[in-house]
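Note sheet for the following structure.
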Amino acid sequence: MHDLVRVPDHVRTPDGRRLRVECSGDPDGRPVFLLHGMPGSRVGPRPRSMFLYHRGARLISYDRPGYGGSDRRPGRRVVDVVEDVEAVADALGLDRFAVVGRSGGAPHALACAALLPDRVTRAAALVTLAPQDAEGLDWFAGMAPHNVREFQAALTDPRGFVADLIPRSAAIRSDPARLLDELRGDLTDEDRVIVSDSGIRSMLLRNYHEALRTSPYGWIDDALALTGPWGFDPTEIRVPVLLWHAGKDVFTPSAHSCWLADRIPGAVDVCEPAAAHFAAIRALPDVLSWLLTATEPSVASTA
C-alpha cells in the first residue's frame, strides 16, 4: 500500500549535510528529478499530481544547498550537484532516473547528464544559461539590465554582490511578491499573463518564500556557481538531451541554449520563438512526457 511506504523528507550526504527532499506523483512511477530555478526550492512550479499519476511519473525535487531546508555547501560549483542527486537517488533506492532543470537548475541537470551516464536515462534543460566562458558567445547579449547587473556583480565584485543580496533576500522573504515586482519591468506581455495566473503565482510566491526561509546563501552560491567554472564539459554528454528555450527570453537569452545545442551531441533543440522565460513552466508537462518516452519522438511532438 502506498500510504504505508515512508519516503524520507531529509537525506544525508556522504559529507554529513542535510538535503530537504519532496516527492510527488505516482510512488511506483518512473523517477524524474526536477531541479529548481534561482532563487528556488523543492516546492517550485510543477505539473499537477493528476498529470504525474496519469503519466506514471514520480517527481523528485530537493532544495539545493543553502535553500529552504538544505544545509549550505560554501564554494559549491555546478558540478557538485551530481553528488547530491546521487545521495538522494541512493536514499530512495533509485538506480536509473531522468532529470530536468529549469532556468538556474538547467545547468545542474546538464551536469548530471555529463557525469552520470550510467544512471541518467534522459535529461532536459529549460531556458538554460551557457557557461560564462562559452567561446564565441556574447554572454550578456539580449539579457535584461537587472540580470546583467546581478551577474556582473557576482563576476567582478563577489563581496559587494553578497552584501547587496543579503538585505534584498530578507525583504523578499518577508514579502515574496517583491521579487515579481522587481522583475515586472522586464517581463513580456506573455510572461505577465503567466505569472498573473492565480495557481502559478501562488506556486511562485510559496517557492520564493521557502527558498529564502533560512538564509540567502542558496541564491548567493547559485549565482557564484553559475558565473564561475561549471566543473564539467557539456560536449562530453552522451545521454539524450532536450534543450527547450524561448525566443523572447531576456533572463536566459535563447542564444545560450543554441550555443549548447551546437555542442551537445545529438541534442534535441526546441525553440518557441514567441515565448519568454516563464513559458517554461507551461512547457514542463510536454518535456516530462519526452523524458518518460522510451523511443526518440519527433521534435514536433515534444514542443
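These figures come from a predicted structure and were not determined experimentally.
- Two residues are said to be in side-chain contact when any heavy atoms from C-beta on lie closer than 4.5 Å; Leu115 and Glu236 fail this criterion.
- At distances below 3.5 Å, not a single donor-acceptor pair connects side-chain atoms of Arg58 with backbone N or O atoms of Asp26.
- Side-chain N or O atoms of Tyr53 include one that pairs as donor or acceptor with a backbone N or O of Gly25 at under 3.5 Å.
- When side chains are defined from C-beta on, Asp222 does not count as touching Pro39, because their heavy atoms never get closer than 4.5 Å.
- Ile60 and Cys23 make their closest contact through CG1-SG, 4.0 Å (heavy atoms, listed as atom of the first residue, atom of the second, distance).
- Using a 4.5 Å heavy-atom threshold, the side chains of Asp133 and Pro229 count as separate.
- Using a 4.0 Å cut-off between charged side-chain N and carboxylate O, Asp189 and Arg192 make a salt bridge.
- Interatomic distance, Asp269 CG to Ser254 OG, rounded to the nearest 0.5 Å: 7.5 Å.
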Between Arg168 and Glu150, is a salt bridge (Lys or Arg N to Asp or Glu O under 4.0 Å) present by the stated rule, with each step listed?
CA-CA 12 Å; Arg168 183 175 163 215; Glu150 183 171 312; 3.1 Å; yes
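- When atom types are taken as modelled, the side chain of Thr214 and the backbone of Gly68 share a donor-acceptor pair closer than 3.5 angstrom.
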Dump the intermediate steps for side chain to side chain contact (heavy atoms under 4.5 Å, CB included) on Thr227 and Gln152, then the final yes or no.
CA-CA 9 Å; Thr227 53; Gln152 281 186 334; over 6 Å; no
Before you tell me yes or no, could you show the steps for Val78 and Leu110 under side chain to side chain contact (heavy atoms under 4.5 Å, CB included), namely the whole-Å CA-CA distance, both residues' side-chain angles and the distance that decides it to 0.1 Å?
CA-CA 9 Å; Val78 171; Leu110 295 177; over 6 Å; no
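- A donor-acceptor pair under 3.5 Å is formed between the side chain of Asn207 and the backbone N or O of Ser41.
- When atom types are taken as modelled, the side chain of Arg20 and the backbone of Tyr67 share no donor-acceptor pair closer than 3.5 angstrom.
- Closest heavy-atom contact between Phe51 and Leu288: CE2-CD1, 4.2 Å.
- In this structure, the side chains of Glu83 and Thr13 stay at 4.5 Å or more apart for every pair of heavy atoms.
- Results of the side-chain contact (heavy atoms from CB on, under 4.5 Å) test with Val88 over Leu92, Val85, Asp90 single out Leu92 as the only residue that passes.
- Counting heavy atoms from C-beta outward, Phe278 and Leu204 have side chains that approach closer than 4.5 Å.
- For Arg72 and Ser215, the side-chain atoms include no donor-acceptor pair closer than 3.5 Å.
- The backbone N or O of His10 lies less than 3.5 Å from no partner atom in the side chain of Arg18, so there is not a single donor-acceptor pair.
- Looking at Asp80, its side chain does come within 3.5 Å of a backbone N or O of Arg77 through a donor-acceptor pair.
- A 4.5 Å side-chain heavy-atom check between Met203 and Pro45 finds at least one atom pair inside the cut-off.
- The pair Asp84-Arg17 meets the salt-bridge criterion, with a side-chain N (NZ, NE, NH1 or NH2) lying under 4.0 Å from an Asp/Glu carboxylate O.
- For the atom pair Trp219 CH2 and Tyr208 OH, the distance stands at 9.0 Å (nearest 0.5 Å).
- A donor-acceptor pair under 3.5 Å is absent between the side-chain atoms of Arg73 and the main chain of Pro65, judged by distance alone.
- The shortest side-chain heavy-atom distance between Val127 and Arg102 falls under the 4.5 Å cut-off.
- Put simply, the side chain of Arg30 gets close to the backbone of Arg55: a donor and an acceptor are under 3.5 Å apart.
- In this structure, CZ on Arg184 lies 13.5 Å from NE2 on His146, to the nearest 0.5 angstrom.
- Nearest heavy atom pair, residue Ala113 against residue Val239, reads CB-CG2, 3.6 Å.
- Contact detail for Thr293 and Ser289: the closest heavy-atom pair is OG1-O, 2.6 Å.
- No donor-acceptor distance shorter than 3.5 angstrom exists from the side chain of Thr128 to the backbone of Ser257, with no hydrogens or angles considered.
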Begin with the C-alpha distance, continue with both residues' side-chain angles, and end with the deciding distance and a verdict on side chain to side chain contact (heavy atoms under 4.5 Å, CB included) for Arg119 and Val99.
CA-CA 10 Å; Arg119 301 191 73 171; Val99 61; over 6 Å; no
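- Separating the CG atom in Leu59 from the CZ atom in Phe33 is a distance of 10.0 Å, to the nearest 0.5 Å.
- Listed here is the closest heavy atom pair of Leu137 and Ala130: CD2-CB, 3.6 Å.
- Hydrophobic clustering places Trp230 together with Leu224 (ILVMFWY residues linked when any side-chain heavy atoms are closer than 4.5 Å, directly or through intermediates).
- Residue Arg48 places its CZ atom among 12 or fewer non-hydrogen atoms of other residues, nucleotides or ligands, all under 6.0 Å distant.
- Counting only heavy atoms from C-beta outward, the side chains of Thr252 and His277 approach each other to under 4.5 Å.
- Residue Val43 is not grouped with residue Leu34 when hydrophobic side chains (ILVMFWY) are merged at heavy-atom distances under 4.5 angstrom, including chains of intermediate members.
- In this structure, CG in Leu19 is found 7.5 Å from CG in Asp71, a value given to the nearest 0.5 Å.
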Checking Ser61 against His36 for the side-chain hydrogen bond (donor to acceptor under 3.5 Å, both in side chains) test, could you report, in this order, the C-alpha distance in whole Å, the side-chain angles of both residues, the deciding distance, and whether it holds?
CA-CA 8 Å; Ser61 54; His36 62 73; over 6 Å; no
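- We find that Glu190 and Lys248 are not joined by a salt bridge, their nearest charged nitrogen and carboxylate oxygen being 4.0 Å or further apart.
- What you find for Asp191 and Ala279 is that their closest heavy atoms are OD1-N, 3.7 Å.
- We find the CD1-CG distance between Ile200 and Leu205 to be 12.0 Å, quoted to the nearest 0.5 Å.
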Could you walk me through whether Leu242 and Arg122 pass side chain to side chain contact (heavy atoms under 4.5 Å, CB included), step by step?
CA-CA 8 Å; Leu242 183 144; Arg122 286 186 168 196; over 6 Å; no
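- A single hydrophobic cluster is not seen to contain both Val193 and Ile281; linkage of ILVMFWY side chains at heavy-atom distances under 4.5 Å, directly or through other members, places them apart.
- Checking Trp139, Phe251, Phe140 one by one against His256, the ring pair (Phe, Tyr, Trp, His ring centres under 6.0 Å) holds for a single residue, Trp139.
- Of the options Thr121, Leu291, Leu116, a side-chain contact (heavy atoms from CB on, under 4.5 Å) to Phe97 is made by Leu116 and by none of the others.
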